[in-house]
Amino acid sequence: MLTLTNLTLSQFRKILKTCSGSTIVLDTETTGLYWWRSKLTTVGFHCLEKQIEGVIDCGFEVVTQDDFDRLDDFNEEGKEAINSLLVSGTTVIFHNAKFDMGMLEVCPETTNGWKIIDTAVMVHLYDSRLKKSLELAEKELLGTNSKRSHIEKAPTNPKIRKRIWQWPPAIRQDYCLNDCRVTYQLAETLFPVLKKLGLLPLFWKDMQYLKQIYYTEHLGISLDKQFVGKASLAMMAKQKELEQKLYDAIGYEFNWRSNDQLSKALYEDLGIARPINPFAATKGSYKTKLGFERVKELKGGMYNKTMTSTFLLMEKVHHPLGELVASLREAAKLYKTLNQWLDLVDENGIIHSNFNVTGTRTGRLSSSKPNLDNIASKVRSRFTQGLFSGGIIRSEEYNLRNAFVARLGYYMLSIDYRQMEMRFFGIDSGDENLLSFLASGKDIHLMIALKVWGDCGKEQNMIHREWSKTIAFGLIYGMTTGSLEHKLGMTRVQANKVIEDYWGAFPRIRPWLFETVTTCKEQGYIRYWSGRIWRENTEMFMYKGANARVQGGCADLLSIAAMRTHKWLLEKGYGNIVSYIYDELLMEIRKEHIEETANAISVIMQVPDLFELPFLTDCSVGHTYGDLVKMYQDENGIWHLPENFEKEQSHA
DNA sequence: TACCCTGGCGCG
DNA sequence: AAAGCGCGCCAGGGTA
């Protein structure tokens with residue numbers, strides 16, 4: 001193997017050209033972790049076939065702003081070289097492809113059709129429990145730790161040791177080359193393993209999906225900075241006001257974020273009676289979902305120490321300060337979220353969230369920097385345990401989804417699945433009752449709610465429906481009677497009745513769960529409909545496989561629907577997907593094509609070729625992610641813009 | 001100082 | 001150790 005360091009750009013181009021059509025590894029060293037604002041210091045490559053590896057480097061330690069600015073030429077030329085030399089027939093291996101591709105500004109989708117292999121995704125498909133950093137993947141799968149010797153050569157100052165861009169170029173280049181070699185070894189090791197496990201079709205699907213997600217991340221989503229600024233000020237004022245109220249009530253100032261201090265203030269200094277913690281340590285025997293009798297002393301429990309969760313404060317303490325603390329926490333949290341967005345927005349007002357393919361145990365995407373999956377909606381949850389999510393509508397500046405707006409000439413179009421997990425559970429378990437409920441279009445949660453609690457008036461029924469929903473998932477995924485008892489403030493007898501009603505409604509729950517655990521016990525993993533595997537070796541956690549095959553199965557379904565949607569949108573030129581939120585695709589669509597798109601994508605998302613039962617959707621439209629209004633579906637199932645849509649929207 | 005863990009809370 | 005599941009982010013508090 002010929003190793004070449006300190007390459008000039010023209011040497012680099014020449015060698016890269018000789019590797020065209022082969023399999024190569026590319027790795028970059030950069031000034032940070034954000035592809036859209038960090039800069040390249042180093043690019044390494046490794047090609048076993050041609051017995052050559054090499055690295056180009058900016059050639060200096062990047063310390064000052066001046067140094068940072070000096071990187072521009074190197075970046076421009078380096079990107080140009082890679083862009084022009086990657087051609088169809090070449091396979092490029094990366095560890096975390098989206099990042100390196102972002103730094104290099106290349107993607108086979110938009111350039112010359114070369115092929116991607118991402119070793120981080122390989123690791124994830126092999127065993128989603130493993131850490132995906134190159135260092136830990138190497139340790140786990142190759143049994144070596146080659147980074148160590150390189151890091152030891154780096155400057156000893158702990159700050160600089162973490163900043164590769166400040167390392168001497170020679171050490172940095174060796175480090176980068178080493179990463180390339182390790183990445184190659186990972187690919188070489190894992191490829192036959194994935195093949196043997198029958199995971200290659202899924203792997204290639206994920207590589208295709210990766211390119212699409214790369215596209216989505218680069219397009220980004222437009223942030224309304226004016227709204228964010230306004231809301232941020234409002235939150236700050238609200239926080240100050242509520243803080244003062246709390247201090248006045250307690251009688252002194254303290255750090256309310258510290259649960260130790262808050263607990264002391266409430267229960268000691270103010271003398272509020274300490275609540276009995278419903279989630280405290282449980283003793284003795286209880287029945288598991290599968291009917292096993294388990295005798296055990298469970299240590300700890302939730303909220304056992306400080307008893308300051310909103311749930312306890314509001315539902316058990318019943319003191320006005322509970323509401324105050326909850327509102328204070330909310331304002332503070334929203335304030336921090338808004339400020340994070342201002343930090344993460346690019347110079348064009350665009351937010352580039354990361355949609356991580358390797359982030360979850362089950363195969364779902366996760367979103368980070370910022371997380372677009374958990375943005376507070378206009379409906380405020382009241383209970384932290386998720387038992388009740390209806391009721392309180394947030395005022396405009398509290399609805400943070402208002403911050404994400406459609407670009408000029410576009411509307412936001414959201415299409416989500418109706419009862420996706422219930423539907424999937426019905427299919428996966430083959431539960432006849434559930435399937436017929438779903439096929440009939442009946443509101444299963446409401447029906448169960450009426451059966452359990454009776455008709456208590458429309459408003460109360462809707463609350464019961466929310467409870468019913470949570471309980472349904474809880475029971476599918478292994479919630480015990482004790483937990484249900486406490487959460488709903490029921491007696492054991494009542495809780496048992498609720499459970500019996502559910503098991504009566506969905507008789508396949510228990511056998512399906514049992515089969516999942518048995519399969520996992522036999523082979524160490526379970527396999528979803530999509531072919532993805534979920535591993536678990538510890539028997540007492542195998543019940544989690546039930547959730548995994550539903551949650552992960554839905555995720556793989558959505559990824560297929562999303563790829564078909566993306567393709568359709570590109571062909572039509574009507575707009576783009578801007579976010580993927582578990583059971584929902586958020587799109588930005590040209591105003592004049594909303595109805596056509598809603599109808600076409602609804603059908604596409606049903607994936608009628610994959611399952612007996614179509615996955616029905618709901619469509620909503622708006623100017624922002626926060627003001628989506630449900631579209632109207634006529635008797636023929638055709639979607640239309642809501643009545644008076646423009647009029648309603650324009651007042652805002 | 002730089003981690004690591006935990007609690008709290010937003011979403012599906 | 002863990003018996004509804006899956007995330008990410010922030011802040012506090014303890015430890016090396």
Side-chain angles (χ1 to χ4, degrees), chain A residues 128 157-159 161-162 255-263 282 286-290 292 294 296-313 325-326 329-330 332-337 339-340 344 353-354 356 359-377 379-387 389 394 398 400-401 416-417 419-421 469-484 487 509 513 517 534 538-552 554-555 558 579-584:
Chain A
S128 65
N157 178 329
K159 267 195 172 159
R161 188 158 272 214
K162 288 189 64 186
N255 185 357
W256 58 267
R257 292 176 214 268
S258 161
N259 292 317
D260 291 348
Q261 292 181 42
L262 179 61
S263 182
T282 51
Y286 62 95
K287 266 192 182 171
T288 68
K289 278 215 49 49
L290 297 178
F292 296 128
R294 207 167 281 277
K296 198 171 181 188
E297 186 158 349
L298 295 172
K299 198 166 78 68
M302 294 170 84
Y303 318 122
N304 217 10
K305 280 175 275 184
T306 58
M307 320 277 270
T308 50
S309 77
T310 302
F311 175 77
L312 289 180
L313 291 176
V325 169
R329 281 176 177 153
E330 181 185 37
K333 178 162 180 158
L334 297 191
Y335 177 70
K336 292 310 288 187
T337 302
N339 283 5
Q340 187 211 19
L344 289 176
S353 171
N354 298 297
N356 194 348
T360 67
R361 183 79 168 81
T362 57
R364 255 190 188 171
L365 292 180
S366 74
S367 164
S368 63
K369 291 180 292 182
N371 185 348
L372 294 184
D373 289 338
N374 69 342
I375 302 170
S377 75
V379 181
R380 177 183 167 187
S381 305
R382 275 194 56 215
F383 298 171
T384 57
Q385 296 311 301
L387 273 180
S389 60
R394 289 186 161 110
Y398 273 79
L400 295 201
R401 295 185 184 198
D416 66 337
Y417 287 111
Q419 310 147 321
M420 187 187 204
E421 289 200 343
K469 224 164 109 179
T470 305
I471 296 164
F473 292 116
L475 293 182
I476 291 172
Y477 303 140
M479 181 191 267
T480 55
T481 52
S483 176
L484 188 62
K487 283 192 178 188
I509 293 180
L513 188 48
V517 171
W534 180 91
T538 308
E539 200 175 328
M540 83 181 297
F541 299 127
M542 288 180 182
Y543 74 97
K544 293 184 182 183
N547 172 258
R549 57 195 268 193
V550 174
Q551 187 188 107
C554 286
L558 184 77
S579 189
Y580 309 74
I581 313 144
Y582 312 123
D583 63 349
E584 169 187 359

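As the structure is a computational prediction, the values presented were derived from the model and not from experiment. Chain identifiers are assigned alphabetically (A, B, ...) following the order of the sequence lines, protein sequences preceding nucleic acid strands; residue numbering begins at 1 within each chain.
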Please list, chain by chain and in numerical order, all residues satisfying side-chain hydrogen bond (donor to acceptor under 3.5 Å, both in side chains) with N356(A), sequence neighbours excluded.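 So N356(A) forms a side-chain hydrogen bond (donor to acceptor under 3.5 Å, both in side chains) with T358(A).
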State the [atom1]-[atom2] distance between [X] and [Y], to the nearest 0.5 angstrom.
| X | Y | atom1 | atom2 | result |
| --- | --- | --- | --- | --- |
| Y335(A) | L400(A) | OH | CG | 13.5 Å |
| L475(A) | T470(A) | CG | OG1 | 10.5 Å |
| R257(A) | N259(A) | CZ | CG | 11.5 Å |
| Y580(A) | S353(A) | OH | OG | 11.0 Å |

Looking across every strand, which nucleic acid part, if any, lies under 4.0 Å from [X] by heavy atom: base, sugar-phosphate, or nothing?
| X | value |
| --- | --- |
| I375(A) | sugar-phosphate |
| S377(A) | sugar-phosphate |
| R401(A) | sugar-phosphate |
| R361(A) | sugar-phosphate |

Expressed as a whole number of Å, how far does the P atom of dA1(C) sit from that of dC9(B)?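 The answer is 28 Å between these two P atoms.
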dG4(C) versus dC5(B) - spacing of their C1' atoms, nearest Å: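 After rounding to an integer number of Å, I get 23 Å for this pair.
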[X] [atom1] to [N] [atom2], straight-line distance once rounded to whole Å:
| X | N | atom1 | atom2 | value |
| --- | --- | --- | --- | --- |
| E539(A) | dA1(C) | CD | C1' | 16 Å |
| I581(A) | dG12(B) | CD1 | C1' | 10 Å |
| M420(A) | dG6(C) | CE | P | 18 Å |
| K469(A) | dC11(B) | NZ | C1' | 12 Å |
| N547(A) | dA3(C) | CG | C1' | 13 Å |
| L558(A) | dG6(C) | CG | C1' | 15 Å |
| F541(A) | dG6(C) | CZ | C1' | 15 Å |
| Y582(A) | dC5(C) | OH | C1' | 12 Å |

When you measure from the side-chain N and O atoms of [X] to the phosphate of [N], is any distance below 4.0 Å, counting only OP1 and OP2?
| X | N | result |
| --- | --- | --- |
| R329(A) | dG8(B) | no |
| T480(A) | dG4(C) | yes |
| Y477(A) | dG6(C) | no |
| K162(A) | dC3(B) | yes |

Just say parallel, tilted or perpendicular for the rings of F541(A) and Y543(A), cut-offs at 30° and 60°.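 Plane angle between 30° and 60°, so tilted.
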Applying side-chain contact (heavy atoms from CB on, under 4.5 Å), can you list everything that pairs with Q261(A), at least two apart in sequence or on another chain?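 By the side-chain contact (heavy atoms from CB on, under 4.5 Å) rule, Q261(A) matches F254(A), N255(A), S258(A).
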Test of understanding: with side-chain contact (heavy atoms from CB on, under 4.5 Å), list the residues that count as partners of S368(A), not counting sequence neighbours.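 Partners of S368(A) under the side-chain contact (heavy atoms from CB on, under 4.5 Å) test: N354(A).
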Whether each nucleotide of nucleotides 8-16 of chain C has a protein heavy atom under 4.0 Å at its base (B), only at its sugar-phosphate (S) or at neither (-) is summarised, 5' to 3', as BSSSSS---
Return the stems involving DNA chain C, sorted by first number, where pairs are Watson-Crick (N1-N3 with N6-O4 or O6-N4) or G-U wobble (N1-O2 and O6-N3), both under 3.5 Å, and runs are 3 or more long.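 DNA chain C forms these stems: B:1-12 with C:5-16.
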Taking ring pair (Phe, Tyr, Trp, His ring centres under 6.0 Å) as the test, write out the residues that go with Y417(A), two or more places apart.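 For Y417(A) the ring pair (Phe, Tyr, Trp, His ring centres under 6.0 Å) partners, ignoring immediate neighbours, are F615(A).
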Any luck finding a side-chain donor-acceptor pair between S366(A) and T360(A) under 3.5 Å?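 Side-chain D/A pair, S366(A) to T360(A): absent.
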